Every structure is written in C-alpha cells, then in structure tokens.
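Here's the structure we're looking at; comments come further down.
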Number of protein chains: 2
Amino acid sequence: MQEVTQLRKGIQGSATQATLLDKLRKLVLSGEYPPGAPLPELFLAEEFEVSRTPVREALKQLENEGLVEIRPKVGTFVRIPTRREIVELFQLKESLEGLAAGLLARRGPVPELEILKRNIEESERAERRADTGKYAELVHEFHWTIVQGSDNSKLVEHYGRLMNQLAYHRIVLETVERPARMRASIREHQSVVDALLEKDPVGAELAMRGHVNASSLAASRGADAGSVTGAEKEA
Amino acid sequence: MQEVTQLRKGIQGSATQATLLDKLRKLVLSGEYPPGAPLPELFLAEEFEVSRTPVREALKQLENEGLVEIRPKVGTFVRIPTRREIVELFQLKESLEGLAAGLLARRGPVPELEILKRNIEESERAERRADTGKYAELVHEFHWTIVQGSDNSKLVEHYGRLMNQLAYHRIVLETVERPARMRASIREHQSVVDALLEKDPVGAELAMRGHVNASSLAASRGADAGSVTGAEKEA
DNA sequence: CGTAGTTTTGATGCATGCAAGAAGTCACTC
DNA sequence: GAGTGACTTCTTGCATGCATCAAAACTACG
C-alpha cells in the first residue's frame with residue numbers, strides 16, 4: 001500500500017489533499033455517513049489509501065465548516081444538526097442573498113441578467129413538466145448566479161460556507177420546493193429580475209429577501225411534516 | 001526538548017493546539033508577522049517548542065480564516081489584503097449587523113438594551129475626554145453586543161470570521177474613527193438603540209446599516225489618506 | 001553582458017511510530 | 001443482583017524521517 005501511495009503521489013502531484021477534502025465533504029453532505037456516525041482517522045485513511053495525516057487535516061477543515069465535530073481524544077463524528085440551526089441559517093441566507101441582489105442591481109447591465117431570464121423560462125418549462133429534479137437544480141443556479149453576480153468575492157466565500165451547512169440539511173429540506181410552491185417561487189424570482197432590470201437596488205434586495213423568507217417558511221413547515229422519512233433516500 | 005514537550009502535554013492536556021492557534025492568530029492580527037512575511041513551519045515549531053505537525057494544523061486553520069496564504073510546496077505567507085477586500089468586507093458587515101439589529105429588535109425586552117444604553121453613556125464620556133482608545137473599545141463592544149443579542153449562533157459564528165478578517169486590516173482602519181466622526185457615530189448608535197426600544201425591526205436594521213455604511217465610507221477615505229504610514233505602529 | 005541549463009537549497013507533503021487518554025468491559029466485592 | 005474498581009481496547013495527538021518539488025544560485029555558453 002505504501003508503494004502505491006508513493007506512486008500516485010508522484011503522478012498526481014499534491015492534488016491529493018484537496019481531492020480528499022472534497023470526497024469527504026461529499027460523503028458527509030450526501031448522508032453516506034449519517035449524522036452522528038463516527039469517522040475514525042485510520043478507517044478513512046485505509047478507505048482512501050492515504051495515511052492518517054492528510055485525513056486529519058481534511059477532518060479539521062470539515063470541523064471548521066461545521067459539518068463534523070471533533071471531540072478531543074475521543075474521535076470525529078458527523079454533526080447532528082438541530083432545527084434551530086436551520087432557522088438560523090435561513091435567516092443568514094436571506095440577509096446575504098438580499099445583499100447580493102442589491103449589489104447586483106447596482107452594477108448596471110451585466111450578463112447575469114440574461115442568464116437569470118433564461119433560468120426563469122427554463123424553470124417554467126420544468127414546472128409544467130413537473131420535473132422537480134431539474135427545477136431544484138435551476139433554483140439552485142438562480143440563487144448562485146445572483147450571489148456570484150454581486151461581484152463581491154467575500155460575500156461569495158461566506159455564502160459558500162453557509163450553503164455547505166445548509167446543503168448538509170438537504171435531507172430535511174429536499175421535500176421543500178414541492179409543487180405547490182413552485183409557481184409562487186417562480187413569480188418571486190421574476191419580481192427579483194424585474195427589480196434588477198429597473199436597476200432598483202432596494203427593490204431587488206427586498207424582493208430577494210421576501211423570496212428567501214417565503215421559501216424558508218415553507219421549508220420549516222416541510223421539515224415539521226416529514227423530517228426523518230427521507231433521510232436514507234439519498235445514500 | 002522532546003521531553004519538555006511531553007511533560008507539558010501531560011500537564012496541560014491537549015489544550016496545546018487551541019492555544020497555539022490563538023497565539024499564531026494574535027501574532028498575525030497584531031502585525032507582528034507583517035503582510036507578506038513567510039511563516040516556515042520549522043521556524044514556528046521551534047518558536048513554540050512543538051513539532052511541525054500542530055503548527056501545520058494551525059496554519060491550515062488560519063488559511064481557512066483568510067489570514068494566511070498557503071502556496072503548496074512553497075510555503076505559508078501572511079496574506080496581503082487588497083483595498084477591494086476591505087470594501088467587500090464592510091458590505092458584508094453592514095448586512096450582517098443589520099440582520100442582527102433587526103433580530104434583536106424582534107426579541108422584545110432583553111438585558112442587552114441596558115448594556116447598550118450604558119455603552120452610549122460611556123462613549124460620550126470617552127468622547128469628551130478625547131480618549132480614543134477607550135472609545136474604540138466601546139464601539140467594538142457596542143457592535144458585538146448587538147450581534148450576540150441577535151440570539152442567532154450561526155450569525156455570531158459568521159460575524160466572528162468576518163471580524164477576524166477585518167481586524168486583520170485594522171492596521172489600515174485604526175485611523176478611522178477619528179475625532180471628527182466620533183460624535184456622529186454616537187448619534188447613530190443612539191438612533192439604533194431608539195429603534196430597538198420601540199421594537200421596530202425594520203427601523204433598527206436600517207439605522208444599523210446606515211451607521212455601518214457611514215463608518216465604512218469614513219474608513220475608506222481614511223485608508224486613502226494615510227494607508228501605509230501607520231502600518232508598523234501596532235507591531 | 002545576458003541567457004539558458006543545471007545544481008543546490010530549503011521548504012513542504014505524507015507516512016509512520018509512540019505515548020496518552022477516554023470509553024466500554026469484565027471481574028470482583030458487598 | 002447491583003455497584004465499584006481495574007483493565008483492555010480503540011482512538012487521537014504529537015514527533016520525526018523521508019521523498020518531492022519549487023525556487024534561487026551558480027555555471028557555462030552565445
């Protein structure tokens with residue numbers, strides 16, 4: 001095993017660490033390792049055919065991102081999220097996306113606007129086809145486009161962290177954008193774009209915040225309904 | 001040296017790592033290691049009388065916090081901040097503190113209000129005495145009290161990261177709350193508290209954002225004036 | 001004198017050994 | 001049978017060695 005590793009290191013360069021972190025993050029986010037599951041360094045090291053050292057570093061990073069909990073001298077575990085945290089994260093989401101929309105509106109004519117318009121059209125098609133998978137993907141894109149269009153790298157950075165923590169709760173949230181809300185959600189997207197077209201920062205921010213808020217309300221209601229049932233589906 | 005370390009480990013438990021991280025962070029934030037300075041693992045290891053491993057972990061953490069930059073296979077360096085980043089961070093600060101003020105206003109009667117009122121009184125005294133040190137400290141406290149009063153742990157967490165990155169730019173920013181702005185700043189604090197007393201979330205948020213925005217404008221103007229001159233003062 | 005190729009240096013990235021500690025297990029006592 | 005104590009096991013935390021690689025220094029050549 002040692003020789004194999006050495007070889008791969010020689011070939012791949014030091015992309016090992018970043019790759020490893022990504023893999024681990026994906027496994028936690030997807031629920032492959034469910035909340036509460038232990039993540040022993042040695043086990044993961046063998047799993048990924050590296051030594052404990054890079055695994056350790058990756059785990060520390062994940063702890064920093066809020067996905068796992070390291071109990072000193074005991075072990076690392078996938079964090080168990082609380083409902084309260086979800087509410088808190090949605091409050092943050094609202095604020096950050098509102099900021100992004102406002103900044104984007106201030107930027108004048110930007111390519112993002114075309115992308116958003118097309119996104120809405122596609123969303124409508126997906127809604128008509130009742131293609132919830134495609135729809136969810138488009139929603140995700142819509143929000144990210146606005147954030148990245150804010151042209152504020154620090155905002156993007158913090159938003160990314162936030163979304164990682166929220167994506168982690170996707171288990172709970174996947175039931176969210178259910179058909180009943182899809183139409184309303186699209187209308188809200190449209191009004192955000194309208195404000196952007198009119199270069200109205202305040203309007204854009206308010207529209208965005210209203211939208212996120214509405215989604216979050218639907219989300220928490222959804223979570224109340226069937227929270228645990230969908231937990232193992234993704235794995 | 002090895003035995004000494006072993007001993008200390010036995011005595012102190014595993015508080016070593018957290019302590020080390022704090023020390024390193026402080027050294028970077030204070031400018032002891034100025035922007036651009038290299039941070040070789042071996043050097044730091046000897047400096048703190050530990051091995052490279054814990055140093056490495058601490059450095060990775062600092063990279064994650066945006067304070068240092070790790071160039072693979074080359075080395076770690078104290079990050080050189082750009083002016084643009086400062087603007088970006090202030091935009092985020094405005095948004096997050098606005099959110100916090102709004103949330104706090106929604107919470108009804110809370111002990112934080114008394115703290116804030118006292119803070120303003122003390123600030124006025126400090127202003128009359130032209131005690132800029134005390135005044136800066138009070139401003140810091142004011143803002144943190146509001147954020148922590150939001151009762152949103154995730155907000156506090158993200159705000160903390162943000163402020164670390166901003167504190168890092170303190171070198172540039174310290175010239176900010178100059179006497180000319182102190183009185184205006186206190187008035188703005190007062191209007192925030194007024195809105196809080198009236199349990200007016202929207203008003204509180206707007207007041208807070210207006211205040212942060214005004215500070216940030218003053219800050220960037222200050223930075224434009226004498227940015228580099230004060231750089232070594234703090235070290 | 002400038003430039004390309006080569007060597008040397010110095011730092012990181014990873015693997016591994018060892019000690020310390022926490023948690024669960026088992027036996028022993030009352 | 002229940003509770004308490006020692007013990008075993010499993011895991012982390014840290015130290016250190018070695019291979020790798022980037023960049024600087026040096027040399028030779030045009």
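Because the structure is a prediction, the values reported are computed rather than measured. Chain A is the first sequence line, chain B the second, and so forth, proteins listed ahead of strands; every chain is numbered from 1. Just the heavy atoms: all of them, side chains too, but no hydrogens, waters or symmetry mates, feed the values below.
Remark: C1' of D:dC14 and CD of B:Glu57 are 9 Å apart, rounded to the nearest angstrom. Here the C1' atom of nucleotide D:dG13 and the CG atom of B:Leu20 are 13 Å apart, to the nearest Å. Separating the CG atom of A:Leu44 from the C1' atom of C:dC14 is a distance of 16 Å, rounded to the nearest angstrom. Rounded to whole angstrom, the span from the CD atom of B:Glu49 across to the C1' atom of D:dA15 amounts to 14 Å.
With salt bridges taken as basic N to acidic carboxylate O contacts below 4.0 Å, one links A:Arg84 and B:Asp151. With salt bridges taken as basic N to acidic carboxylate O contacts below 4.0 Å, none links B:Arg118 and B:Glu122. A salt bridge links A:Arg209 and A:Glu205; the closest N-O separation between the charged side-chain nitrogens and carboxylate oxygens is under 4.0 Å. The existence of a salt bridge linking A:Glu88 and A:Lys93 is excluded, since no basic side-chain nitrogen approaches an acidic carboxylate oxygen closer than 4.0 Å.
Contact annotation: A:Ser51 reaches the phosphate of C:dA15 (side-chain N/O to OP1 or OP2, under 4.0 Å).
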Between protein and nucleotides 8-12 of chain C, what N or O pairs are separated by less than 3.5 Å?
{"residue": "C:dT12", "atom": "OP1", "partner": "B:Glu41", "partner atom": "N", "Å": "3.0"}
{"residue": "C:dT12", "atom": "OP2", "partner": "B:Glu41", "partner atom": "N", "Å": "3.3"}
{"residue": "C:dT12", "atom": "O3'", "partner": "B:Lys73", "partner atom": "N", "Å": "3.3"}
{"residue": "C:dT12", "atom": "O2", "partner": "B:Lys73", "partner atom": "NZ", "Å": "3.4"}

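Between A:His211 and A:His189, the ring planes are perpendicular. Angles over 60° get that label, and only those under 30° would be called parallel.
For residues 63-72 of chain B, the salt bridge (charged side-chain N to carboxylate O under 4.0 Å, His left out) pairs, not counting sequence neighbours, are B:Arg25-B:Glu65.
Rounded to 10°, the helix from C:dC1-D:dG30 to C:dC30-D:dG1 has 10° between the axis fitted to its first five pairs and the one fitted to its last five.
Each of B:Glu141, B:His143, B:Glu137 was checked for a side-chain contact (heavy atoms from CB on, under 4.5 Å) with B:Val139, and the lone residue meeting it is B:His143.
For the atom pair A:Arg56 CZ and A:Leu44 CG, the distance stands at 12.5 Å (nearest 0.5 Å).
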